[in-house]
Structure formats: C-alpha cells, structure tokens
A.B. asks: 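If you scroll down you'll find the structure; I have some questions about it.
Chain A is the first sequence line, chain B the second, and so forth, proteins listed ahead of strands; every chain is numbered from 1. Side chains included, hydrogens not; waters and symmetry mates left out as well; all remaining heavy atoms used.
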Number of protein chains: 2
Amino acid sequence: MDETLLITKALSDRTRLRIIAALSGGELCVCQVVELLKLAPSTVSKHLHILSGSGLIRSRKDTRWVYYRLSGKGSSKKAQDALKWARAALSGDKSIIEDSKALKKITRVSKEALCRAQIKR
Amino acid sequence: MDETLLITKALSDRTRLRIIAALSGGELCVCQVVELLKLAPSTVSKHLHILSGSGLIRSRKDTRWVYYRLSGKGSSKKAQDALKWARAALSGDKSIIEDSKALKKITRVSKEALCRAQIKR
DNA sequence: TTGACATTTCGTCATTTGGCGAATTATAAT
DNA sequence: ATTATAATTCGCCAAATGACGAAATGTCAA
C-alpha cells in the first residue's frame, strides 16, 4: 500500500499535476519547469523530488543541468498505470492547455535566455 | 483540473484507500466501516464525505442507516477510471487482505451486534 | 412523547504540507 | 583560482489535513 500511497500523494497537488502534464511533451530541465510554473527553484525542486520518490518521473544529469522525464518501462506497473490515468484525466484541461502553450515558448527561447551558458558552447 | 484534483486528493490518504478497497466487496453502512477502521464515527464520516465529494463513492439512506458504495455508471469517466486504477493497485496488498478478512466477520455479525436494532425488526 | 441510536457537523489540537529565501553542492566559464 | 550558474538542501512560516469528543440532526422503538 505504501507505493500506492506515494503515488496518490504525489498526484494530489495542483503543481505536481502540472509538472506531469508538462513532462508529457518530453523531458525538461529544472530551469524550464521553474520558468513555466513561476515558482521558486527550491519549491520546484521539492515537487520534483516528491514525484521522483513516487516513481512517476526520473531524472538524468547532463553536466550542469538536471533533466526530468515521465518514467516509462522499467518503472512499476502501478506507476505506469497511474501516469496513464493522470495524463488522460488532464488532457483537454484548460489550464494544462495554457501551460503547454507557454511551454512551447519556453522551449523555444530557453536555449538563449534561460540557459545562456548552454548556447555559448 | 479541479475534478482531477478532488479525486487524487481523495485517494491520497491511507484510510480512504482502505475504504475504497472495503467497498469493492459491496456496499457497507457507516457503522460497519467504523468497526473495520477502528476510528471515531466522526472521523469516518468525514472521510466518506471527502470520497463522496470526489465522485468516487455514493450513498443511499435506508431509514436510520446510510450505506456507501463505489460509484459505477453515472459517475464521470475520470472517477470510474480512477477507481479502476486504485482497486487494481490495492489488490493483493497485505493490509487490504487483512481488512477484507476482518470485513467478513463484521458483515457476518453486524446484523446482531453492530446494528442491533436492525435484527429486531 | 420520551428515549435510544446512526450519522453528521462543529470546534479544537497536533501534524503535515507547500511556499519562500539563505546556504550548500556541483559544474562550467573566465 | 576565482566567479558564475543550476540545482538541491535546510530552516522557517502560514495554511491545510486528520484525528478526536461534544453537540446537533434525523429516525426508530418503547
């Protein structure tokens, strides 16, 4: 029951649902999620930590950046099924659609503005 | 997103997950759920209220007793799918199995001991 | 009608949660 | 080496949550 509870608790927050939906479009680095949510980096980091702990998302570190993605194969069936439900439940949601629009802009400019160092290489 | 959040919040508590699993065996009256959970009636009532508000369960009043059941057709697809996921996630869980054993005893004796008035009719 | 019972509502309290900024860690640029 | 950047951890605070008992509500029994 503990794993199930970790999952439902992870999904029981508006911000974390937004993160799940945002990651449905592919992996994002923390700074991009911060830009989308307009929350303090420390706050976002905590949410990502909670989602990670539930097995719903995974992280990968690339030099200075940490990228998060929805966890696919390799995660538990419970987590996969929960993700499937959550993504379906959120699809079509008004605020989620706005988020994905905002995300398009963010991923377009992030390489210049958000992560300036990245473009300089 | 609000309905989705109501559902995930409803599922994000150990006691409420136990209630969902308990109702998988069929409807129960509040006093039976109280007996199973060993919590104060007021506490159980509040949990049932939260689950009702999310659309995951429904109630029916029969004279002096109120019976709760998992909501089926007629509830939203989100709720139905969430229930399906939750029930699958909980099936086989150790503490849930113990609960269902305890429930067997409760439903067997409740008509005599728990709801004495009921047998007197 | 009076009393008993099932359930809910209300008020209270301790714990958890979500937010922030400051400090810390790790990595890259100068 | 020093500085700057991305992310995390820590400590703090306000708000939400889950527990209880007392009181209120509605229904049945005597």
A.B. asks: Take A:Pro41 and B:Pro41, find for each the nucleotide of DNA chain D with the closest heavy atom, and name the residue whose nucleotide sits nearer the 5' end.
C.D. replies: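 Its nearest nucleotide being more 5', the pick is A:Pro41.
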A.B. asks: What's the closest nucleotide to the side chain of A:Leu39 if the choices are C:dG19, C:dT7, D:dC20?
C.D. replies: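 Output: C:dG19.
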A.B. asks: Establish whether the base of C:dG18 is bridged to the side chain of A:Thr43 by a donor-acceptor pair shorter than 3.5 Å.
C.D. replies: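 No, the side chain and the base share no sub-3.5 Å donor-acceptor pair.
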A.B. asks: Could you check whether A:Arg14 gets within reach of a base, just the sugar-phosphate, or nothing at all, counting any heavy atom under 4.0 Å?
C.D. replies: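 Here A:Arg14 touches no strand at all.
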A.B. asks: Side-chain N or O of B:Tyr68 versus OP1/OP2 of C:dA6: is the shortest distance under 4.0 Å?
C.D. replies: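 B:Tyr68 to C:dA6 OP1/OP2: no side-chain N or O under 4.0 Å.
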A.B. asks: Output yes when B:Asp2 and A:Lys94 qualify as a salt bridge under the 4.0 Å nitrogen-oxygen rule, no when they do not.
C.D. replies: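 A:Lys94 and B:Asp2: not salt-bridged.
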A.B. asks: For a quick test of reading the model: is some side-chain N or O of A:Ser42 closer than 4.0 Å to OP1 or OP2 of C:dT24?
C.D. replies: no
A.B. asks: B:Ala40 side chain: which of C:dT17, D:dC20, D:dG18 is closest?
C.D. replies: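 Per side-chain heavy atoms of B:Ala40, the pick is D:dC20.
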A.B. asks: Would you mind reading off the distance between B:Leu11 atom CG and D:dT17 atom P, rounded to a whole angstrom?
C.D. replies: 15 Å
A.B. asks: Please tell me which of the listed nucleotides, D:dC20, D:dT8, C:dT8, lies nearest to the side chain of B:Ser45?
C.D. replies: C:dT8
A.B. asks: The side chain of A:Arg64 lies closest to which of these nucleotides: C:dA29, D:dG18, C:dA4?
C.D. replies: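 It is C:dA29.
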A.B. asks: Side chains of A:Gln32 and A:Thr107: closer than 4.5 Å at any heavy-atom pair?
C.D. replies: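 Yes - at least one pair of side-chain heavy atoms lies under 4.5 Å apart.
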A.B. asks: Which whole-number value in Å describes the distance from A:Lys61 NZ to C:dT25 P?
C.D. replies: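 Spelled out: NZ on A:Lys61 to P on C:dT25 is 13 Å.
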A.B. asks: Roughly how many Å is it from NE2 in B:His49 to C1' in D:dT17, rounded to a whole number?
C.D. replies: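 It works out to 14 Å between those atoms.
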A.B. asks: Quick check against the 3.5 Å criterion: does B:Arg58 have a side-chain atom that pairs as donor or acceptor with the backbone of B:Gly72?
C.D. replies: no
A.B. asks: Atom CG of A:Leu28 and atom P of D:dA6: how far apart are they, to the nearest Å?
C.D. replies: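 After rounding, the reported distance stands at 15 Å.
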A.B. asks: More 5' along DNA chain C: B:Val34 or A:Lys46, using each one's nearest nucleotide?
C.D. replies: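 In this pair, the answer is B:Val34.
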A.B. asks: Name the closest nucleotide to the B:Cys29 side chain, picking from D:dC20, D:dA7, C:dT7.
C.D. replies: C:dT7
A.B. asks: Expressed as a whole number of angstroms, how long is the span from A:Asp62:CG to C:dT27:P?
C.D. replies: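 So the two atoms are 12 Å apart, to the nearest Å.
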A.B. asks: Taking only N and O in the side chain of A:His47, is any of them less than 4.0 Å away from OP1 or OP2 of C:dT17?
C.D. replies: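 For C:dT17, neither OP1 nor OP2 has a side-chain N or O of A:His47 closer than 4.0 Å.
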A.B. asks: Distance check needed: D:dA7 P versus A:Ile57 CD1, whole Å only.
C.D. replies: 13 Å
A.B. asks: Using a heavy-atom cut-off of 4.0 Å across all strands, would you classify A:Leu48 as base, sugar-phosphate, or nothing?
C.D. replies: nothing
A.B. asks: So if I take every side-chain heavy atom of B:Lys9 and compare against C:dG18, D:dT17, D:dA6, which nucleotide ends up nearest?
C.D. replies: D:dT17
A.B. asks: What is the distance, rounded to the nearest whole Å, between atom CG of B:Asp13 and atom C1' of D:dA19?
C.D. replies: 11 Å
A.B. asks: Without decimals, in angstroms, what is the distance between B:Leu6 CG and D:dA16 P?
C.D. replies: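 Whole-Å distance recorded here is 15 Å.
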A.B. asks: Can a donor-acceptor pair be found between the side chains of B:Ser76 and B:Glu3 at a distance below 3.5 Å?
C.D. replies: yes
A.B. asks: Looking only at non-hydrogen atoms, find the nearest pair between A:Ser54 and A:Leu6 and report the distance.
C.D. replies: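 Residues A:Ser54 and A:Leu6, closest heavy atoms: CB-O, 3.6 Å.
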A.B. asks: Does any part of the side chain of A:Leu90, heavy atoms only, come nearer than 4.5 Å to the side chain of A:Trp85, both counted from C-beta?
C.D. replies: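 Result no, sub-4.5 Å side-chain heavy-atom pair not found.
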